[in-house]
2 protein chains.
Amino acid sequence: MPWTDVLGYVGAFLTSITFIPQVYKAWQTKSVGDLSTWMLIIVITSATVWLIYGIGAMLFPVIIANSIVLILSLLLMVFKFSFKKQDRES
Amino acid sequence: MPWTDVLGYVGAFLTSITFIPQVYKAWQTKSVGDLSTWMLIIVITSATVWLIYGIGAMLFPVIIANSIVLILSLLLMVFKFSFKKQDRES
């Protein structure tokens, strides 16, 4: 396997797990006031675009990584609205 | 240009701008307590991996997108430590 392929798999794995600690922290603290709603909107949009790209180009690491990112960022968006009342701001 | 290429460029553009609203919000509020340090560590690591991958595979959109993500996530990490005293937690 070429070293670029290895790096691609490592990158895809790291991208997949990016939001796991953020979801965990948000769930533990029930506090998401410092998270940017616009960042979440962009992450949800870009993960959707990359997912369609991955399906179109038949790149399975891209499909898997962005499916996980999409689910976790949607979850953070749900938290953003669920935990709103406990926050300093929306 | 194939439609997958177009989506790839759109995805790379969206990935590049992901952390701009978060950096702006953090700078405005001087509050980053809800941001996960582990998320930032993973983003910095994955952007570095993708950057090396992009250089190795000569993929310029990957190089540009991940350079921007790397700079912005490093900036958020600097904020994470600079704004520590004003925060509820580290």
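Naming: A, B, ... by sequence-line order, numbering from 1 per chain.
Transitive grouping of hydrophobic side chains (ILVMFWY, heavy atoms separated by less than 4.5 Å) keeps A:F79 and A:I71 in distinct clusters. Note: the hydrophobic cluster containing A:V78 does not contain A:F83 (ILVMFWY, side chain heavy atoms under 4.5 Å, direct or indirect links). By the criterion of side-chain heavy atoms lying less than 4.5 angstrom apart, applied directly or through intervening Ile, Leu, Val, Met, Phe, Trp or Tyr residues, B:Y9 is grouped together with B:V6 in one hydrophobic cluster.
For A:L40, no part lies under 4.5 angstrom from a heavy atom of chain B. Looking at A:W50, the atoms closer than 4.5 Å to chain B (heavy atoms on both sides) all sit in the side chain, from C-beta outward. Contact of B:A12 with chain A is made through backbone and side chain together, with heavy-atom distances under 4.5 Å. Contact annotation for B:I55: neither backbone nor side-chain heavy atoms come within less than 4.5 Å of a heavy atom of chain A.
Between B:L14 and the choices A:V49, A:T48, A:I44, A:V43, the side chain to side chain contact (heavy atoms under 4.5 Å, CB included) rule is met once, by A:V49.
Atoms CG and OG, on A:L7 and B:S46 in that order, are 12.0 Å from each other to the nearest 0.5 Å. Distance check, rounded to the nearest 0.5 Å: CH2 of A:W38 to CD1 of B:I17 gives 9.5 Å.
Looking at every heavy atom in both residues, B:P21 comes nearest to A:I42 through CG-CD1, 3.8 Å. Taking all atoms of both residues into account, the shortest heavy-atom contact from B:T4 to A:G56 is CG2-C, 3.8 Å.
Taking chain A as the reference chain and counting heavy-atom pairs below 4.5 Å, the highest number among B:F19, B:Y53, B:F13, B:Y24 is found for B:Y53. The residue among B:A26, B:G54, B:G8 with the most heavy atom pairs within less than 4.5 Å of chain A is B:G8.
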Pair A:K25, B:L35 - check side-chain contact (heavy atoms from CB on, under 4.5 Å), show working. CA-CA 8 Å; A:K25 179 164 188 150; B:L35 277 185; over 6 Å; no
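Looking at B:I52 and A:W3, their side chains come closer than 4.5 Å, going by heavy atoms from C-beta outward. Between A:I20 and B:M39 there is no side-chain heavy-atom pair separated by less than 4.5 Å.
A side-chain donor-acceptor contact under 3.5 Å links A:Q22 to the backbone of B:D34.
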